[in-house]
Number of protein chains: 2
Amino acid sequence: MTKIRNMEEFAALSGISRPTVSKYFQDPDSVRPTTRLRIEEALERFDYRPNIYAVNQNRKLTKNIGIVVPYLADPFFAEIARYLEQSCIAAGYRPSLFSSHGDPKLENEILDGLKSMKPAGVLLAPLGRTSDRTAIEKFCANVPTVLFDSNLEGLGAAFIGSDNFSFVSQTVEYMTRTGEPPSFFEMRTPANPNANKRRKAYIEVMERLGFDPHIIKVDGKGWAFEEIGHRGALKVLSDRELRTDSVLCSNDRLAIGFLAACYEQGIRVGRKDDSTLRLASNDDHPFAKFTCPSLTTAAHDYDNVAGRSVETLFELIENGGKFDTRTETLFPARLVLRDSA
Amino acid sequence: MTKIRNMEEFAALSGISRPTVSKYFQDPDSVRPTTRLRIEEALERFDYRPNIYAVNQNRKLTKNIGIVVPYLADPFFAEIARYLEQSCIAAGYRPSLFSSHGDPKLENEILDGLKSMKPAGVLLAPLGRTSDRTAIEKFCANVPTVLFDSNLEGLGAAFIGSDNFSFVSQTVEYMTRTGEPPSFFEMRTPANPNANKRRKAYIEVMERLGFDPHIIKVDGKGWAFEEIGHRGALKVLSDRELRTDSVLCSNDRLAIGFLAACYEQGIRVGRKDDSTLRLASNDDHPFAKFTCPSLTTAAHDYDNVAGRSVETLFELIENGGKFDTRTETLFPARLVLRDSA
DNA sequence: TCATATTTTTAACGCGCGTAAAGTTTTTAT
DNA sequence: ATAAAAACTTTACGCGCGTTAAAAATATGA
């Protein structure tokens, strides 16, 4: 079988002119069914694929989509990325996945590289507080970008995320209703803006319910949340900082560390009578089902956040890369009752 | 500031001819220091970057490197990928990360897409048993490929991974020396070939030590190992299949499920006197430190596996994409003693 | 059937850059 | 200072495909 070098040769072999073949590859439905058939027959016999570099050089808009997450070693983002990737592929795009690995400098470099890829659009979950706002703003001005998970006010054409108030209000109300009002356990300077919204929601809900908010801030920076939660919990437990038997963690990864600390200290966690502590959290991390005890947590609406993000990006692309107004879409949480609270 | 459209314009503005500028971008050291300086000055003033598509179209070999892992939602692979990515960037390459998400069909599609990217090289951690051997073989014939983590006999220019025998022998010997010989807990039809090597190693070490190997195979397929381990452990515990108080899991993710099951059943795991079960495992999963109890496990030599993988790939690229002989490099495990055994 | 609308063909240019050849300038070494 | 070597400039072609305009072929509809 002869090796095909370019579209010219393939067109000759399939008996169709090159411009028509070119049209076919951009949209198979844009050619007459009979010619489409002839091309696809030839395609089966000769296995030819257009040179993506030549294609992308000449298109003003590529079929590439950039997906950027802040920390891929967090299975939460790995799962979201998985969903986003497959949605893009299903829609005929070529997704490229990047992780900022918690590093703002790397985030900038990724956006830089992305810009030179002339992507049709970008799905960006920014680092948050540590992000270089100016750089991201400049990027969004050049590339159709939809933000997700972590909102940077005013940046990107749209934001899709979770309604942090819904997360916290459900867990706080549940814990209060079935026991004591929880303290709120979080990092002192959280990287993720969702953390700030959760703290505010906690305060608001507690006050509405007539309780005194009690926030415990633990030291530590970076994205090693389990480690931070673990260290922080050991300190909290030894210093007896808790006012009630209930704790609400800002996120599951902190909670995983907290639970490990409790286990080491012989403190039984759960809603059963023999337990001395109840612990709930937010996110429904993929491993939350397998912590000891399994973690009661408010689950992201993964499917809707991811689904709506790609939908929005596709709309944005079809709309020429601009929306009249920037929309923010928030999906509520679903309370997942397990054994820890 | 004027917007630069192409290298021609940039060359004019910098006062250097285009061919020389082109040379500079391929290797800044290939031009005279004085001209290099002039180009770099212009670069600061005008912020121009060569069109990557035009560049890659004309180069026979791009600077792209493909990184393919079987399952990115597994933090083990996320960590490895992170390391590989950064090594590639440091060496001046452009890594692209892909996850097969446990799906052989997707693995094939990724390799297909990768082929049309004309990458300088590919770092591939295949799915293993479920991989389409023929497809991978064909791919490796066209693209310089280094396999890592999961070996497919004879495929790729080289393999770098962990010495499974070293993993299992250390854990078995340790458990035997400090307690009773362990049963081996694994999936019935493991996707990963390392699992088979670990089983064999277990049998060999047990026999050498004069014990009867006892292998427990649990049902379940796919990559939801925690779930499989959890279900399997519940069955093992209720059926009282264990012959000793010791269990060695084929990998940490199974162990995480196992520990969750033990916790639910009120079975204390650990090496302390009040414990009824000892559990060890393999991999040193990023969360192994935070399980309850923390997991005794044999750690991959992450740094060396990842480091040697990229080194080997770079050698391969410099060597024109072919090695005379296919080498297999295995790094031994490091036993990490924690609380579970 | 014929006029009209749709699709395809032919021919040709452009995209941005790699690269080669020949001529010119600058550097290095004697 | 001078010859040789090295680096640079000029000119020009090629890569593979997008895209356009005009001409030709095919499909549609009354």
(request) Without swapping roles, check the side chain of B:K115 against the backbone of B:N142 for a donor-acceptor pair under 3.5 Å. (result) no
(request) For atom CZ of B:R59, decide whether the heavy atoms of other residues, nucleotides or ligands shown that lie under 6.0 angstrom number more than 12. (result) yes
(message) Treating primed atoms plus P, OP1 and OP2 as sugar-phosphate and everything else as base, which nucleotides of nucleotides 17-30 of chain C get B, S or - for protein heavy atoms under 4.0 Å?
(response) BBBB-----S----
(request) Could you go through the ring-ring contact (aromatic ring centres under 6.0 Å, His included) check for B:H300 and B:F331 one step at a time? (result) CA-CA 8 Å; B:H300 286 267; B:F331 288 98; over 10 Å; no
(message) Side chains of B:T20 and B:S17 only: does a donor on one sit below 3.5 Å from an acceptor on the other?
(response) yes
(message) For A:P119 versus A:P144, what's the shortest heavy-atom pair and its separation?
(response) O-CD, 4.5 Å
(message) What is the first contacted nucleotide of DNA chain D and what is the last, in 5' to 3' order, if contact means an atom lying under 4.0 angstrom from a heavy atom of chain A?
(response) D:dG16 to D:dA27
(message) Strictly distance-based, threshold 3.5 Å: is any side-chain N or O of B:R38 a donor or acceptor partner for the main-chain N or O of B:G15?
(response) yes
(request) Answer yes if the ring centres of A:F76 and A:Y302 are under 6.0 angstrom apart, and no otherwise. (result) yes
